[in-house]
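Every chain is numbered from 1, with letters handed out A, B, ... down the list of sequences.
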Amino acid sequence: MSVEQLKNTIFAKIGNASAKAFGHVPDALEIGFPPNPEFGHFAVGCFPLAKPLRRSPSEIARRIAEKMTGDEVIQEINVAGPYINLKVWPQVLFGEVCRTIFAAGEGYGGSAVGRGKRVMVEYLSPNTNKPLHLGHLRNGALGMSVSRLLEATGHAVVKANLINDRGVHICKSMLAWQEWGGGSTPESEGLKGDHFVGRWYVRFAQEAEKKPALESEVQKMLQSWEAGDPPTVKLWETMNNWVYDGFAQTYRQFGLDFDVFYYESDTYKLGKDIIQKGIETNVFSKDKQGNTVFHLPFDEFGQEKGGELKKVTVLRPDGTSLYITQDIATSIVKVTEHNLDFSIYVVGSEQEYHFRCLFEILSALGYGWAQHCYHLSYGMVYLPEGKMKSREGKIVDADDLIDAMQVLAADEIRQRDPEGRLALDEINARAEKIGIGAIKFYLLRVRPTQSINFDPAESISFDGFTGPYCQYAYARIFGILAKAPPGADDRQQAAFALLGNPEELLLLQKLIQFPEEVNNAVGEFNPSRIALHIFNTAKAFNQFYNKHPVLHAADKQLVAARLALIQATAIVLKKGLHLLGLEVLENM
RNA sequence: GCGCCUGUAGCUCAGCUGGAUAGAGCAACGGACUUCUAAUCCGUAGGCCGCAGGUUCGAAUCCUGCCAGGCGUACCA
């Protein structure tokens, strides 16, 4: 009997009793958990029956419960006001839940709701003129987690990275390096490629302040690039490749991966072609200044103060393309190349208007799939004044933060290893999982719409509602399993009837709820639900751990039952952390 | 001005498809390691759920108005 079947059994029983009491079989009841495990294991509120039966929820609960008796599944039935609280025999409750989890393994919590659906998650989307920063890390953590959530629910996921590799900002670092670089390279300077290029971008800004004429030189360089001037294109390729090498290192370290890369240098021309065709079909028109524009429908966008329809410019008078021009093309390429059922864009909330316009234009161009495009918008990451400034300006550099977190984690590990038994490799391997886990968890633990006030002290904490706290619970379980004598976890020996104290019940409740939370998280594209639930699971385990021995429990059957319970817990913790992009450790 | 988001404990946030006494982490204070890793656990304290109306048997949750902050408001990305 699975957890689902257990719930169905309860529904059936209540349905029967309701039929006896009122001649009415309810269809809208929901099963939940009582606030206090002592009330029971499951709770059913009778509010939805109040209207059809025209009686108070309390009376309904009382009269239904009167018609119910215990059986081989239900141990006890209690009424508390409008709630029917049920206790299930512990051997059934713990036994069935553990068996369900073991049978599903790391598939526990997943489902097949997305089977046959192909979905693209575009995320990160950096510019190639400077290194990644904290905002990119939030984007990356979100994109990766949402991808894994979709995979866990049966979707075929294509992870995409859209690289903004052309434009005047790219030319700035090119020009600066050409002028003052003196042939230096990332190798010669011992710098990551993206940091090296970013340095020239900053240099340009400094020089341009002194000498404004540089701005027009950059424009000239952009024109050379668009004209395909070989030396300019060569320079562009060289510097972009340096950046890609640097990004690749950061992706690898932060655990981000992609199935496909799109480059705006590839799509911006296609964008122009699509606009041309759209002009012929009257989707676009020219305004007085010579811009090619799209008029936004009044119903959804309203109008300008002057009473005219709002409009989006899709081509400048000189025929050069804009951000949205390229995005129109990329959106179309994505769908046609990958036959998508759904296309997700993980991009900050400051671009909400942009995406509303983009999807509107795609619709107007006749692409019905535009309604299956979704902008996964997330809030900004704000920095406290004056803190964590890097030399390059008021940003938190992604690589610096990752390094700093690993150093802190390594310090913590050494504190726990005063005799210096651990090899340096082992310390570093653990520090990487812990440090990166801390960052990802910190960025994912609030819902995407919330902006994050980056608090350096809190972000580096390993206590409380953090990734390392959850990882530690897993490591503790592993520690117990490693010390268990051979055969101690023989499940034939496990007497689940001996389980049922409040700590065990709370822990079990978290294991039962996990699949539902995965479902909610996917439905809302909201990994924070997983973060919260995994934290609560880890906390429930720690509470149990602190109060009840596992290996030293009174008898073998109890040891085996508790081992099964914590093995099931380990599966849920690992799976949940995986959905957030965190790795587990067997020792911390 | 208009649009979207946010406002819950000193701080950071859950709860927002209405239901059992509003929860958690951090910070503060007090406890628990000869016992499966104390990166842990237990306890204390801390709240006109931004304000005002309305709907409801019942509102942090839904509706209206207002206040405060953030983002956006298109020829930047």
Within the 4.0 Å heavy-atom criterion, would you say [X] contacts the bases, only the backbone, or no part of the nucleic acid?
| X | result |
| --- | --- |
| A:L322 | sugar-phosphate |
| A:A475 | base |
| A:L296 | base |
| A:V446 | sugar-phosphate |
| A:E524 | nothing |

[X] side chain near [N] phosphate (N/O to OP1/OP2, under 4.0 Å):
| X | N | value |
| --- | --- | --- |
| A:S528 | B:rC13 | no |
| A:Y469 | B:rC41 | yes |
| A:Y472 | B:rA39 | yes |
| A:R476 | B:rC36 | no |
| A:Y323 | B:rA74 | no |
| A:Q351 | B:rC71 | no |
| A:R447 | B:rU6 | yes |
| A:Q415 | B:rA39 | no |
| A:R316 | B:rC76 | yes |
| A:K311 | B:rC75 | no |
| A:Q450 | B:rG7 | yes |

Would you say the side chain of [X] and the base of [N] hold a donor-acceptor pair, judged only by whether the two atoms sit under 3.5 Å apart?
| X | N | answer |
| --- | --- | --- |
| A:Y353 | B:rA74 | yes |
| A:R445 | B:rA14 | no |
| A:N542 | B:rA39 | no |

Given the P atoms of B:rC51 and B:rA68, what is the spacing between them in whole Å? 15 Å
Less than 4.0 Å between a side-chain N and a carboxylate O, is that true for A:R166 and A:E226? yes
Could you tell me whether A:D411 and A:R414 have a side-chain N and a carboxylate O separated by less than 4.0 Å? yes
Choosing from B:rG25, B:rC75, B:rU12, which nucleotide comes nearest the side chain of A:N453?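 Taking heavy atoms from C-beta onward, the closest nucleotide is B:rU12.
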Within the 6.0 Å centroid threshold, strictly below: A:F525 and A:Y374: yes
Strictly under 6.0 Å, is that where the ring centroids of A:H169 and A:Y201 end up? no
Go ahead and write out RNA chain B as dot-bracket, 5' to 3': ( ) for pairs within the strand, [ ] for ones crossing earlier pairs, | when the partner sits on another strand, dots for unpaired; Watson-Crick or G-U wobble, both distances under 3.5 Å. ((((((((.[[[[.)...(...]]]].(((((.......))))).....[[[[[..)....]]]]])))))))....
Contacts of type side chain to side chain contact (heavy atoms under 4.5 Å, CB included), residue A:F47, not counting sequence neighbours: A:P57, A:P82, A:Y83
For A:I480 and B:rU37, what is the distance between atoms CD1 and P respectively, to the nearest whole Å? 7 Å
Which is more 5' along RNA chain B, the nucleotide nearest A:T466 or the one nearest A:A409? Just name the residue.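 Taking each residue's closest nucleotide, the earlier one in sequence belongs to A:T466.
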Mark yes when over 12 heavy atoms from residues, nucleotides or ligands other than A:K574 sit less than 6.0 Å from its NZ; otherwise mark no. no
Does the side chain of A:Y469 reach to within under 4.5 Å of the side chain of A:D463, using non-hydrogen atoms? no
Validate the cation-pi geometry between A:K483 and A:F478: distance from NZ or CZ to the six-membered ring centre under 6.0 Å, angle to the ring axis within 45°. no
